[in-house]
Peer 1: 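My questions will all concern the structure given below.
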Amino acid sequence: LYREASDRDGGSAEAYAGLSALFGAFAHYSMLPAPEAFKLSRAAAERALILDPENSRAISNLAHQDGFRRWDWEKGERGLRDAVRLEPWSAVNLMLLGVHYRVRGRFDEALAVQRRARDLDPLSRHLTYQIAFVFACAGKPDSALATWQEAIALGSPYPGARYASAEALASIGRYDDAVDQWRTVARESGDSASLRALAAEHGKNGYYRVVERQARGELAEMLERRRRGVFVPSLHFAELYATLGDTTRALDWLER
């Protein structure tokens, strides 16, 4: 749709800024190889800025890449702050600035900015999730849990927040509650086979059996996708092998 918009109106900065944001998401969510996706994102953002030098969405997309792709964190922060100044009503620009602060370990600033973003769009589960993620990274699992529950309460099933809650619960020794989060995901998705498998799992050992079973299932699925020629990022393989305790393969995939 963004391509169609830019084809119909080659002078639309918003269409190119939207393409830039989309390709940036493809990079972060591993839908394309990151170098390819970031290159496409940057080209679209630069085109948008030729058409409108003050397009905040394009500015924030480039600034995000300056930090995450080029490691020029100071330039990235300046660009993100400029984007927020140009459109202080944009929850997305604030969210990206909050992510920047979180990754740099500036948790108080990250929380303040993410809360401002959520205030602009209070029904967004993703923005509420971002607040919880800051708490988790700051080593405050109880606050993270409470905020993930806020995100879950906003509407339809939200497996991502459930899995994150399970990890936080396990980190403070509440293994039965963690397993119950997995049961809820299975129940809400109608996965009766997983629900039966989870019924007997309890305690620390049960929790880690669940995690291992999930990792083995995901690994088999990714290997099959790769066999069919579908792009699967090396990082995902590294994460799964690390979860399974296969350090040698995890390091091999990290090197790739």
Side-chain angles (χ1 to χ4, degrees), residues 2 13-14 16-121 124 126-140 144 147 160 164 231 233-236 238-239 253-256:
Y2 278 127
E14 282 300 316
Y16 287 102
L19 271 175
S20 175
L22 187 65
F23 285 125
F26 282 1
H28 279 286
Y29 293 109
S30 305
M31 298 172 72
L32 283 175
E36 176 187 345
F38 277 128
K39 183 178 180 180
L40 292 168
S41 175
R42 194 165 199 90
E46 289 171 347
R47 175 64 178 164
L49 290 176
I50 290 172
L51 296 167
D52 177 8
E54 292 195 341
N55 185 287
S56 76
R57 196 175 191 190
I59 290 170
S60 66
N61 291 340
L62 287 177
H64 195 58
Q65 287 191 46
D66 285 331
F68 281 81
R69 184 72 181 157
R70 299 184 172 187
W71 311 113
D72 190 341
W73 297 106
E74 299 303 325
K75 183 179 180 182
E77 182 174 343
R78 288 195 302 272
L80 288 166
R81 292 174 70 89
D82 284 344
V84 170
R85 176 181 54 80
L86 287 166
E87 288 194 16
W89 56 85
S90 169
V92 172
N93 289 343
L94 281 165
M95 182 269 291
L96 290 175
L97 180 59
V99 169
H100 176 93
Y101 287 146
R102 172 177 56 76
V103 170
R104 297 184 73 186
R106 293 159 61 178
F107 300 126
D108 289 342
E109 291 167 283
L111 276 174
V113 170
Q114 296 294 16
R115 282 171 170 153
R116 284 170 59 194
R118 202 257 307 267
D119 287 346
L120 290 168
D121 191 357
S124 168
H126 182 65
L127 295 178
T128 302
Y129 184 103
Q130 290 296 330
I131 296 172
F133 200 10
V134 176
F135 281 128
C137 292
K140 298 180 178 179
T147 312
F231 170 70
S234 299
L235 181 61
H236 285 190
E239 290 172 335
W253 282 100
L254 281 171
E255 289 292 343
R256 297 191 199 192

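Just so we're clear, the structure is a prediction, and the values are computed from it rather than from any experiment.
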Peer 1: Hey, could you give me the OG/CZ distance between S234 and R256, rounded to the nearest 0.5 Å?
Peer 2: 6.5 Å
Peer 1: Just do the side-chain contact (heavy atoms from CB on, under 4.5 Å) check on L111 and F135 with the steps written out, would you?
Peer 2: CA-CA 8 Å; L111 276 174; F135 281 128; 3.6 Å; yes
Peer 1: For residues V103 and V99, determine if any side-chain heavy atom of one lies less than 4.5 Å from a side-chain heavy atom of the other.
Peer 2: yes
Peer 1: I want to check something: taking the side chain as every heavy atom from C-beta on, are R115 and V113 in contact at a cut-off of under 4.5 Å?
Peer 2: no
Peer 1: With the side chain counted from C-beta on, respond yes when R116 and L97 share a heavy-atom pair under 4.5 Å apart, and no when they do not.
Peer 2: no
Peer 1: D82: what forms a salt bridge (Lys or Arg N to Asp or Glu O under 4.0 Å) with it, not counting sequence neighbours?
Peer 2: R85
Peer 1: So do L80 and N93 actually touch side chain to side chain, heavy atoms under 4.5 Å?
Peer 2: no
Peer 1: Quick one, H126 with T128, criterion side-chain contact (heavy atoms from CB on, under 4.5 Å). Give me CA distance, side-chain angles, the key distance, then yes/no.
Peer 2: CA-CA 5 Å; H126 182 65; T128 302; over 6 Å; no
Peer 1: Ignoring hydrogens, what is the shortest heavy-atom contact between D52 and A13? Give both atom names and the distance.
Peer 2: CB-CB, 3.6 Å
Peer 1: Does any non-hydrogen side-chain atom of R104 lie less than 4.5 Å from one of E77?
Peer 2: yes
Peer 1: What about W73 and H100, are their ring centers closer than 6.0 Å?
Peer 2: yes
Peer 1: Using a 4.5 Å cut-off on heavy atoms from C-beta on, say whether the side chain of L62 contacts that of K75.
Peer 2: no
Peer 1: Apply side chain to side chain contact (heavy atoms under 4.5 Å, CB included) to P35 and list each qualifying residue two or more places apart in sequence or on a separate chain.
Peer 2: P33, R69
Peer 1: What ring-ring contact (aromatic ring centres under 6.0 Å, His included) pairs are there with at least one residue in residues 31-65, not counting sequence neighbours?
Peer 2: H28-F38, H28-H64, H64-F68
Peer 1: If the threshold is 4.0 Å, N to carboxylate O, is there a salt bridge linking E46 and R42?
Peer 2: yes
Peer 1: Quick check against the 3.5 Å criterion: does E109 have a side-chain atom that pairs as donor or acceptor with the backbone of G98?
Peer 2: no
Peer 1: Do Q130 and R102 make a side-chain contact, defined as non-hydrogen atoms from C-beta onward lying under 4.5 Å apart?
Peer 2: yes
Peer 1: Using a cut-off of 6.0 Å, state whether more than 12 heavy atoms not belonging to R81 lie near its atom CZ.
Peer 2: no
Peer 1: Surrounding CD of E54 (heavy atoms of other residues, nucleotides or ligands, distance under 6.0 Å), is the total greater than 12?
Peer 2: no
Peer 1: Rounded to the nearest 0.5 Å, what separation is found between the CG atom of N61 and the CG atom of N55?
Peer 2: 8.5 Å
Peer 1: What heavy-atom pair brings A44 and S20 nearest, and what distance separates the two atoms?
Peer 2: CB-N, 3.7 Å
Peer 1: When rounded to the nearest 0.5 angstrom, what distance separates CG in L22 from OH in Y2?
Peer 2: 7.0 Å
Peer 1: Ignoring hydrogens, what is the shortest heavy-atom contact between A45 and A58? Give both atom names and the distance.
Peer 2: O-CB, 3.7 Å
Peer 1: Can you tell me how far CD of E239 sits from CG of L254, rounded to the nearest 0.5 angstrom?
Peer 2: 8.5 Å
Peer 1: Taking the side chain as every heavy atom from C-beta outward, state whether E36 and L40 have any pair of such atoms under 4.5 Å apart.
Peer 2: yes
Peer 1: Nearest 0.5 Å please: distance from the CG atom of D66 over to the OG atom of S60.
Peer 2: 11.5 Å
Peer 1: If you round to the nearest 0.5 Å, how far is CG of L86 from CD1 of I59?
Peer 2: 5.0 Å
Peer 1: So does F133 have more than 12 non-hydrogen atoms from other groups sitting under 6.0 Å from CZ?
Peer 2: no
